[in-house]
There are 2 protein chains.
Amino acid sequence: MGKTRSAPTLTDVAREAGVSTATVSRCLNTPERVIESTRQRVLQAVESLGYTPNFAARVMAAKRSFTIGAIIPTMDNAIFARGLQAFQDELRERGYTLLVSSSAYDPEAEREQIRTLVARGADGLLLIGHARDPEIYEYLDRHQVPSLVAWSYVPEARRPSVGFSNACAMRALAESVLAAGHRRIAMISGLTEGNDRALSRVEGVRQALQAAGLGEGALTLIETPYEIDKGAEAFRQLMALEPRPTVVMCGNDVLAAGALREAKGMGIAVPEQVSVTGFDDIELAAIVSPALTTVHVPHREMGRKAARELVAMVEGTSAGQPECISTHVVTRQSLAAPPDPS
Amino acid sequence: MGKTRSAPTLTDVAREAGVSTATVSRCLNTPERVIESTRQRVLQAVESLGYTPNFAARVMAAKRSFTIGAIIPTMDNAIFARGLQAFQDELRERGYTLLVSSSAYDPEAEREQIRTLVARGADGLLLIGHARDPEIYEYLDRHQVPSLVAWSYVPEARRPSVGFSNACAMRALAESVLAAGHRRIAMISGLTEGNDRALSRVEGVRQALQAAGLGEGALTLIETPYEIDKGAEAFRQLMALEPRPTVVMCGNDVLAAGALREAKGMGIAVPEQVSVTGFDDIELAAIVSPALTTVHVPHREMGRKAARELVAMVEGTSAGQPECISTHVVTRQSLAAPPDPS
DNA sequence: TTGTAGGCGTTATCAG
DNA sequence: CTGATAACGCCTACAA
């Protein structure tokens, strides 16, 4: 009574159950290797003491943490939320825990987070996109931590990836835009430096224009961070252009939402006066008005597949099999034919 | 050459630098306690070997991880994103790392995550809301892990909280609704079981009605998970009622966004035919049309203050000082006077 | 200022 | 099937 108990350890449980620590450990990790009666006794002791294994000790002894780390560029919007949730769900089913940190699109922060996660004993890492300092990959190699890239699919890259071709996806959308009759095209891209997804999306638009026989002059490009306000700001700039573009393709739905907001504020009708497109098809895309024509990315599927593949890599079952997830254009009200020039 | 190096340890660095492991450790943790020249040598060895301290070992030896854990109900929408980002920023400034898991609003999952985080050596925990099994608090006590509740302010609760009064905030909003002339009020609440924030919001509406001399009959209540589709569904049900409510107050902006979407789909004009309100004032609230009248919660401020307080608790500087963050009603287009009954 | 040595809580190897 | 016992990598008195 009155004695301050601190957290019980394996030793406490062993004493309570009248067995050795080894047996307790076995009861917890390989229950089938211990006889029913003793197991009962041990588990009861565990229960009554409220014992929880010390993770650090376990990691150190087992050299395995059943933990997967993920570094995503941002938690501020829903772009990564759905895919990550699926990733986590799948991991859990396989007995792994997910640790997430966000780098705020800062390569230096990402480097630090990677080190932190590795130091914490992560068995594997999920990274977003391929673009990063090679030194990071060497670091991961040295620590023998498998890593998988998602949200991007580049089969020839140094790391295996489970994702989609940002270029193809955006190209398909651009083709829809062209098919609708647009010829003066503007794009609000996310910052492309250190972001291969953003870069590929721009590339996709360029490819479509070129295939349609349009020159570089047909595209006006603005780069800005992936934020609603920035999208709004960029849209305003574009609308000041002469001649005004007839369509504004945005690097993602967040930028597009900003563009739509600004259009409304400026009294510009979408899609009657100007069309707008997004990318990702997050929930937001269907809620704004007009609803966004965008590229649908099967985030959940990607998340689940990435989890399965990464676990396989961690467990040595796979060397890292790249996988391409297919996307498709979702047509909604924000894209229509360009206004009659008359 | 060709030799597979595995991760270097303290010992490797010590050997490389020609000092003892203790000195290397000091260079990393208390650099001022080692002379300049040796420090140089050690840091150089650290650099050239690409050494990263093994976290598990460090935690075990120091019984301190400089890690704070947070369990949030969901990552699927932006409700917690902004506050958590601020929380993380503030922690980082103070030398702590944040580990996040989401419980998907499942108490059992939350319990497990808490244990996981504690077992991982979290120095402190951020929890959302007060409602949970007392056993969990005992567990935290036993492990001597300080915890702080956020997104809710209940000074008399067992745990210190940094947050706002959900009841007062919602009551203020309900008063605005009443002031606009509404008398047939519906509410789409989040699930209240195990969610004190949701419950308090309902309570806030009830208080306002009562203060206005309205009976229980004036309020129609539906509870549903915090998802856009659920909000839409609930809205549809409410619109089938006879007489139809003139305003639908939603438990948060996500539900409200769903309601607005459904209204549009049903051809019901907001706010002309029915008003809608939200809660939280996430970015979404200003983007949907009509823009949402809602309760603004200063998420960033709350996150930063929570971080400061929790760190103080961890470092023994504070016993846990509850703090109330003030909210205010933001008036936008979605709330107007009820339609003329004529 | 620096080195020595013990211990943190588990797992894993190897006997018994 | 169960029990000693040696790691695991680092921190921290304590001693020099």
Side-chain angles (χ1 to χ4, degrees), chain A residues 5-43 45-46 49-67 115-116 118-121 123 142-144, chain B residues 5-43 45-46 49-67 115-116 118-121 123 142-144:
Chain A
R5 288 172 308 178
S6 80
T9 73
L10 244 204
T11 312
D12 297 324
V13 177
R15 189 185 317 118
E16 175 86 5
V19 297
S20 75
T21 60
T23 300
V24 177
S25 175
R26 276 191 287 262
C27 281
L28 269 28
N29 300 303
T30 51
E32 70 279 6
R33 304 196 41 168
V34 56
I35 205 168
E36 175 70 16
S37 59
T38 46
R39 196 193 325 166
Q40 287 291 322
R41 205 149 26 100
V42 170
L43 292 183
V46 166
L49 262 48
Y51 167 77
T52 311
N54 178 307
F55 189 74
R58 171 175 282 194
V59 168
M60 225 168 87
K63 295 171 162 297
R64 194 115 164 51
S65 68
F66 285 97
T67 296
R115 295 181 84 98
T116 300
V118 169
R120 274 188 158 67
D123 293 334
R142 184 161 53 231
H143 285 263
Q144 307 185 49
Chain B
R5 288 173 308 178
S6 81
T9 72
L10 243 205
T11 312
D12 296 324
V13 177
R15 189 184 316 118
E16 175 84 5
V19 298
S20 76
T21 60
T23 300
V24 178
S25 175
R26 276 191 285 261
C27 281
L28 269 27
N29 301 303
T30 52
E32 70 278 8
R33 304 196 41 168
V34 55
I35 204 169
E36 175 69 16
S37 59
T38 47
R39 194 194 324 166
Q40 287 292 322
R41 202 147 29 99
V42 170
L43 292 183
V46 165
L49 262 48
Y51 168 76
T52 312
N54 177 307
F55 190 75
R58 172 177 282 196
V59 169
M60 226 171 84
K63 294 172 162 297
R64 194 114 163 54
S65 68
F66 286 97
T67 296
R115 295 181 84 98
T116 300
V118 169
R120 276 189 155 68
D123 293 335
R142 184 161 52 231
H143 286 261
Q144 307 185 50

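Every chain is numbered from 1 and lettered A, B, ... according to where its sequence line falls, protein lines coming before strand lines.
Enclosure of atom CZ in B:R64 by more than 12 non-hydrogen atoms of other residues, nucleotides or ligands within 6.0 angstrom is indicated.
Remark: C1' of C:dT2 and CD1 of B:I35 are 10 Å apart, rounded to the nearest angstrom. Atom CZ of B:R64 and atom P of D:dT12 are 10 Å apart (whole Å). One can place CD of B:E36 at 16 Å from C1' of C:dT2, the figure rounded to the nearest angstrom. Note: CZ (B:R58) to C1' (D:dC8) measures 16 Å, nearest angstrom. Distance CZ (B:R120) to C1' (C:dT10): 15 Å, rounded to an integer number of Å. Summarising the geometry, the separation between CZ on A:R41 and C1' on D:dC1 is reported as 12 Å, rounded to the nearest angstrom. When the C1' atom of C:dG6 is taken as reference, atom CE of B:M60 falls 12 Å away, rounded to whole Å. Taking atom CZ on A:F55 and atom C1' on C:dT10, their separation rounds to 12 Å, with Å as the unit.
Panel note: side chain B:T11, backbone B:T9; no donor-acceptor pair is recorded below 3.5 Å. The closest donor-acceptor contact from the side chain of A:T30 to the backbone of A:E32 lies at 3.5 Å or more, if one exists at all. Without hydrogens or angle criteria, A:S65 side chain to A:G121 main chain gives a donor-acceptor distance under 3.5 Å.
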message: Quick one, B:Y51 with B:L43, criterion side chain to side chain contact (heavy atoms under 4.5 Å, CB included). Give me CA distance, side-chain angles, the key distance, then yes/no.
response: CA-CA 10 Å; B:Y51 168 76; B:L43 292 183; over 6 Å; no
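Taking for each of B:A61 and A:L28 the nucleotide of DNA chain C with the nearest heavy atom, the 5'-most of the two is the partner of B:A61. Where B:R26 and B:Y51 meet DNA chain D, the nucleotide closest to each residue was compared, and B:Y51 sits on the side nearer the 5' end. Of the two residues near DNA chain D, B:A62 and B:R33, the one whose nearest nucleotide lies more 5' is B:A62. Between A:A56 and B:T38, the residue whose closest nucleotide on DNA chain C is further toward the 5' end is B:T38.
B:L10 comes within 4.0 angstrom of the backbone, heavy atoms only, and of no base. When heavy atoms are screened at a 4.0 angstrom cut-off, B:V59 is found touching no nucleic acid atom at all.
Listed pair A:S20 / D:dT2 fails the phosphate criterion, with no side-chain N or O lying under 4.0 Å from OP1 or OP2. At the phosphate of D:dC10, neither OP1 nor OP2 sits under 4.0 Å from any side-chain N or O atom of B:S25. For the pair B:K63 and C:dG9, the criterion of a side-chain N or O lying under 4.0 Å from OP1 or OP2 is met. Residue A:T21 places no side-chain N or O under 4.0 Å from the OP1 or OP2 atom of C:dT10. An OP1 or OP2 oxygen of C:dC8 is reached within less than 4.0 angstrom by no side-chain nitrogen or oxygen of A:N54. Using a 4.0 Å cut-off, no side-chain N or O of A:T23 falls inside it from OP1 or OP2 of D:dT2.
Checking C:dG3, C:dG9, D:dC1 against the side-chain heavy atoms of B:A22 singles out C:dG3 as nearest. Side-chain proximity of A:T9 to the nucleotides D:dC10, C:dT10, D:dG9 is greatest for C:dT10. For B:A57, the listed nucleotide lying nearest its side chain is D:dC10; candidates were D:dC10, D:dT12, C:dG9.
The two residues B:R39 and B:C27 come nearest to each other via the heavy atoms CA-SG, 3.8 Å.
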